[in-house]
Amino acid sequence: MPELPEVETIARLIRPRLEGRRIDGCEVRWTRTLGGLSKPAFARAVVGARLARVWRRGKFLVADLERSGRPEGALVGHLRMTGRVHVEPKGWDPGPYLKVRLALDDGADLFFIDVRKFARLWYAAEPDDLLGTLGPEPLSESFTGDWLSAALRDRRRTLKPLLLDQTFVAGLGNIYVDESLYRAGIHPLARSDRLTRERAARLRDEIRATLGEAIEREGSSFDVFYRTPEGNPGSYQDEFKVYGREGKPCVRCGEPIRRIVVGQRGTHFCARCQRR
DNA sequence: ATCCTATCCTGGCTGC
DNA sequence: TGCAGCCAGGATAGGA
């Protein structure tokens with residue numbers, strides 16, 4: 001599932017192919033993908049606009065739009081679980097799950113594809129309406145051990161669901177939370193306000209290390225869904241220590257990895273290395 | 001304030 | 001082999 005490392009990989013790969021391009025046309029196959037805007041309203045908003053900066057915020061992909069050199073809203077995408085983005089030559093076959101196609105002025109097409117119809121591609125006049133509630137970027141300077149320690153203590157939440165809460169920290173999903181907690185030696189059911197400063201700082205370090213290594217590997221591809229915009233799978237799934245490893249031995253201590261459900265999410269951990 | 005459930009969707013897997 | 005039913009997961013809404 002696309003989490004921060006996958007979205008970052010996508011942003012990096014499509015950036016050089018999108019920045020500076022003008023949108024010459026659009027085709028919408030599934031209106032709900034637009035998140036409330038009608039097809040004509042969406043077309044009016046994006047056709048003729050130029051894609052300026054392409055960037056990522058949490059799990060959102062953002063392309064700032066310009067008209068006559070002036071900022072004019074943004075395209076904001078969220079892939080949810082099965083969304084994909086491709087930039088391909090005109091005529092490329094996107095398969096049966098194409099939701100939106102944008103024709104670019106260099107002859108390429110931007111394809112927004114999704115099997116399950118949860119993904120969204122918004123036109124936002126004010127992108128902050130979508131991005132404004134997000135918590136800090138875990139790879140940014142502001143995500144420090146002290147900040148995390150204080151923020152965890154401010155809440156009284158079960159740790160794992162809190163880390164999945166995008167208003168708390170932006171970009172973490174089920175996989176990287178499980179992997180980060182394992183690496184930090186912290187139980188997913190730990191109470192957020194009971195972590196010592198030292199353990200919070202360790203968690204901060206392991207979150208950043210996990211995300212950084214996953215970005216280096218171009219994300220994780222353990223099912224048919226996530227592929228880079230070039231169609232290649234990432235390889236970080238080979239590094240998973242707990243996610244999807246139920247019953248297999250912990251690489252550190254040999255204890256079988258356990259799977260429980262926390263906040264409706266499959267949760268993988270080592271009961272010996274991650275004590276309560 | 002926090003937690004829980006249902007919803008949105010479909011392909012793929014399990015079990016009969 | 002066929003098929004019904006369940007599961008996965010990101011985000012959100014509504015209720016406890």
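Chain A is the first sequence line, chain B the second, and so forth, proteins listed ahead of strands; every chain is numbered from 1.
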Is the number of heavy atoms from other residues, nucleotides or ligands under 6.0 Å of [X] [atom1] greater than 12?
| X | atom1 | value |
| --- | --- | --- |
| A:Glu141 | CD | no |
| A:Arg276 | CZ | yes |
| A:Arg194 | CZ | no |
| A:Arg153 | CZ | yes |
| A:Arg156 | CZ | no |

Return the set of residues passing salt bridge (Lys or Arg N to Asp or Glu O under 4.0 Å) with A:Arg265 (not counting sequence neighbours), or none when no residue passes. none
With pairs defined as Watson-Crick or G-U wobble and both distances under 3.5 angstrom, please note down DNA chain B as a dot-bracket string, | for pairing with another strand. .|||||||||||||||
Value in whole Å for how far the [atom2] atom of [N] lies from [atom1] of [X]:
| X | N | atom1 | atom2 | result |
| --- | --- | --- | --- | --- |
| A:Ile175 | C:dG10 | CD1 | P | 7 Å |
| A:Arg80 | B:dC8 | CZ | P | 14 Å |
| A:Leu164 | C:dT12 | CG | C1' | 14 Å |
| A:Phe168 | C:dG10 | CZ | P | 18 Å |
| A:Leu34 | B:dC8 | CG | C1' | 16 Å |
| A:Leu79 | C:dA11 | CG | P | 10 Å |
| A:Gln166 | C:dG10 | CD | P | 9 Å |
| A:Asp114 | C:dG10 | CG | C1' | 11 Å |

Answer yes or no: is there a donor N or O on one side and an acceptor on the other, between the side chain of A:Arg22 and the main chain of A:Leu104, under 3.5 Å? no
Backbone N/O of A:Thr210 and side chain of A:Glu179: donor-acceptor pair under 3.5 Å: no
Between protein and nucleic acid, restricted to nucleotides 4-8 of chain C and to nitrogen or oxygen atoms under 3.5 Å apart, what atom pairs and distances do you find?
{"unit_1": "C:dA8", "atom_1": "OP1", "unit_2": "A:Arg259", "atom_2": "NH2", "d": "2.2"}
{"unit_1": "C:dA8", "atom_1": "N3", "unit_2": "A:Arg116", "atom_2": "NH1", "d": "3.3"}
{"unit_1": "C:dA8", "atom_1": "N3", "unit_2": "A:Arg116", "atom_2": "NH2", "d": "3.4"}

Pairs under 3.5 Å (N/O, protein and nucleotides 13-16 of chain C):
none

Residues of residues 149-159 of chain A with any non-hydrogen atom less than 4.0 angstrom from an atom of DNA chain B: list those, numerically ordered, please. A:Arg155, A:Arg156, A:Arg157, A:Thr158
Below 3.5 Å, does any donor atom in the side chain of A:Arg120 face an acceptor in the base of C:dG10, or the other way round? no
Can you list, by chain and residue number, the hydrophobic cluster partners of A:Val261 when the side-chain cut-off is 4.5 Å? none
Pair A:Asp146-A:Thr144, side-chain donor/acceptor within less than 3.5 Å: no
Would you tell me if any nitrogen or oxygen in the side chain of A:Arg191 comes within less than 4.0 Å of OP1 or OP2 on B:dC3? yes
Less than 4.0 angstrom between a side-chain N/O of A:His78 and OP1 or OP2 of C:dA11, yes or no? yes
Mind telling me whether A:Tyr176 and A:Tyr236 have parallel, tilted or perpendicular rings, with 30° and 60° as the class edges? tilted
Should the ring pair A:Phe168 and A:Trp147 be called parallel, tilted or perpendicular, given that the plane angle runs from 0 to 90° and is split at 30 and 60? tilted
Working for side chain to side chain contact (heavy atoms under 4.5 Å, CB included), residues A:Tyr123 and A:Leu65: CA-CA 9 Å; A:Tyr123 167 76; A:Leu65 299 179; 3.8 Å; yes
Qualifying residue, where the test is side chain to side chain donor-acceptor pair (under 3.5 Å) with A:Glu27 and the options are A:Lys99, A:Lys39, A:Arg101: A:Arg101
